J.: 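Questions regarding the structure given below will be posed in turn.
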Amino acid sequence: MIISGKDIAAQLRSDMQQQVDAMFAEYGRTPNLVVIQVGDDPASSIYVRNKMRAAEFCHIRSQYLHLSGEITEKELCAQIEQLNNDDDVDGILVQLPLPAHIDEERIICAIHAEKDVDGFHPDNAASLWLHQPLQTNHIASIYNPVPDYGCTIACTPKGILSLLASTGVELDGKRAVVVGRSPIVGKPMAKLLMDRQCTVTIAHSHTRDLPAVCREADILIAAVGKPKLITADCIKPGAIVIDVGINRLADGSLSGDVDFEACKDIASFISPVPGGVGPMTVTMLMQNTIDCYKRRQMKVN
Ligand code: NAD
């Protein structure tokens, strides 16, 4: 069965519209997201446009700050600091990648953790790794895929847990394999699955016999960036397969990390590319903006 991230994202975004309208009725203010783009990378422009559109749909205010590719790291940090101190701003997102002369890690750290809607700030990453979720009796649903960690969780893995919840399959005790160990997808994904009582393996570029490792998986998450790396011999019959990869092919089309056609009849559930994880990532960005707003609002009241 195909897991349509596009349909689930649409459902979630309609729900968020109502959440935001209710928050406006209560507090007289809507969440406010500032999206910063440095330079004119065409792929970044598309991502930024999608995020702004999603915000508009969810009735979240958004501001687009398009800065010159020549801006210095110091100037960018100063801009971020101004937004950190602006009470009317709930979320700050700096679209990556940044030009080579700017240190991305330093910029991620410059955003106040409370306004870090991407969940990349070390305080947020550390909270995910060091803490157990606050609600131990959490029941996962597409609307509420992760328990409260008291911090912002990276959008892509959070969205994947929502896709997994949509299958209705119990995760407790399952074997999960996450292919890829990046700080924004693979690593947080592994921790979230571990907290859902899965037994987790992280595979990476040095893993030997990747197909054999993947075949152990009841839940297989591919986050590599290599088109069709995951072939039919990587799939255990009945596994749930989530494809995070976005790879632009020479003919201009998009491919995931999974050979979809070869794997779709072996898996019980599989997410496509496009229309799988991508729309969920943007949707979770909206949810994170709402959650940052709520946390800040609770501090004020
Ligand atoms: P990354 O480049 O930071 O990490 C890639 C990982 O893949 C590394 O940990 C590396 O060890 C592993 N790897 C490389 N070659 C491998 C191999 N042959 N076998 C096993 N593992 C291998 O990438 P990332 O930022 O995590 O992104 C991964 C992919 O997911 C990219 O295609 C990216 O565009 C996509 N992505 C999609 C979304 C979305 O919303 N759909 C979000 C983030 C990233």
Side-chain angles (χ1 to χ4, degrees), residues 2-6 8-9 12-13 35 41-51 53-54 93-98 104-105 108 117-120 125 128 145 152-164 176-193 200-217 220-231 233-235 241-250 253-260 270-288:
I2 294 172
I3 307 175
S4 172
K6 200 172 155 204
I8 297 167
L12 293 175
R13 288 180 199 187
V35 179
D41 175 60
S44 291
S45 299
I46 295 171
Y47 289 134
V48 164
R49 209 175 311 133
N50 285 342
K51 289 168 187 177
R53 275 202 203 124
L93 178 147
V94 177
Q95 184 63 48
L96 303 178
L98 291 169
E104 287 189 353
E105 273 184 41
I108 289 168
V117 280
D118 264 330
F120 296 164
L128 170 64
T152 300
I153 306 289
C155 304
T156 302
K158 188 169 168 180
I160 291 171
L161 279 189
S162 184
L163 294 180
L164 293 175
V177 174
V178 179
V179 190
R181 55 180 164 183
S182 74
I184 63 170
V185 189
K187 285 195 184 104
M189 186 78 250
K191 172 61 163 68
L192 290 169
L193 287 167
V200 183
T201 300
I202 303 184
H204 47 77
S205 52
H206 290 243
T207 297
R208 293 189 191 148
D209 198 356
L210 183 66
V213 174
C214 292
R215 274 199 307 277
E216 296 272 303
L220 179 63
I221 315 285
V224 179
K226 295 223 154 87
K228 299 186 181 172
L229 175 78
I230 304 297
T231 46
D233 63 336
C234 296
I235 313 292
V241 179
I242 304 289
D243 191 352
V244 186
I246 303 177
N247 306 292
R248 182 75 61 189
L249 302 182
S253 64
L254 281 187
S255 162
D257 290 343
V258 177
D259 185 344
F260 182 84
I270 186 166
S271 72
V273 176
V277 174
M280 294 302 290
T281 296
V282 179
T283 302
M284 290 303 154
L285 176 69
M286 299 304 123
Q287 189 62 60
N288 283 351

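Both counts, for ligands and for their atoms, begin at 1 and track the order of listing. In this text, all values refer to a predicted model and were calculated from it rather than measured experimentally.
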J.: Does ligand 1 have an atom under 4.0 Å from some heavy atom of Thr156?
T.: yes

J.: So is there a nitrogen or oxygen of Val277 less than 3.5 Å from a nitrogen or oxygen in ligand 1?
T.: no

J.: Out of Val178, Thr281, Ile246, Val224, who gets a non-hydrogen atom closest to atom 23 (O) of ligand 1?
T.: Val224

J.: Going by the order shown, which atoms of ligand 1 are within less than 4.0 Å of some heavy atom of Val179?
T.: 20 (C), 21 (N)

J.: Between Lys226 and ligand 1, which residue portion shows a heavy-atom distance shorter than 4.0 Å: side chain, backbone, both, or neither?
T.: side chain

J.: Heavy-atom distances under 4.0 Å are what count here, so tell me which part of Val282 touches ligand 1: side chain, backbone, both or neither.
T.: neither

J.: Does Asp259 use its side chain to pair, donor to acceptor, with the backbone of Thr231 at less than 3.5 Å?
T.: no

J.: Would you call Ala223 a ligand 1 contact, heavy-atom distance under 4.0 Å?
T.: yes

J.: Check each of Met284, Met280, Arg181 against atom 9 (O) of ligand 1 and report the one with the nearest heavy atom.
T.: Arg181

J.: Do the side chain of Asn288 and the main chain of Ile153 share a donor and acceptor less than 3.5 angstrom apart?
T.: yes

J.: Check ligand 1 against Gly278 and write out every atom of the ligand that is under 4.0 Å from a heavy-atom position of the residue.
T.: 40 (O), 41 (N)

J.: Looking at every heavy atom in both Glu104 and Pro97, which two are closest together, and how far apart are they?
T.: OE2-CA, 3.1 Å

J.: Under the 3.5 angstrom rule, does the side chain of Lys191 hit a backbone N or O of Leu128 as a donor-acceptor pair?
T.: yes

J.: Taking the side chain from Ser162 and the backbone from Lys158, do they hold a donor-acceptor pair closer than 3.5 Å?
T.: no

J.: Donor-acceptor check, side chain of Asp257 to backbone of Asp243, threshold 3.5 angstrom: yes or no?
T.: no

J.: For Ala154 and Phe120, which heavy atoms make the closest approach, and how far apart are they?
T.: CB-CE2, 4.3 Å

J.: Any nitrogen or oxygen of Ser205, side chain or backbone, less than 3.5 Å from one on ligand 1?
T.: yes

J.: CE of Met280 to OG of Ser4: how many Å apart, nearest 0.5 Å?
T.: 9.5 Å

J.: Is the contact between Ile184 and ligand 1 made by the side chain, the backbone, both, or neither, using heavy atoms and a 4.0 Å cut-off?
T.: side chain

J.: In terms of atom number and element, which parts of ligand 1 are under 4.0 angstrom from non-hydrogen atoms of Val244?
T.: 30 (O), 35 (C), 36 (N), 37 (C), 38 (C), 41 (N)

J.: Quick one: does Thr283's side chain have a donor or acceptor within less than 3.5 Å of a partner on Pro279's backbone?
T.: yes

J.: For Gly225, counting its heavy atoms only, list the atoms of ligand 1 lying under 4.0 Å from any of them.
T.: 28 (C), 29 (C), 31 (C), 32 (O)

J.: Under 4.0 Å from atom 19 (N) of ligand 1, do we find at least one protein heavy atom?
T.: yes

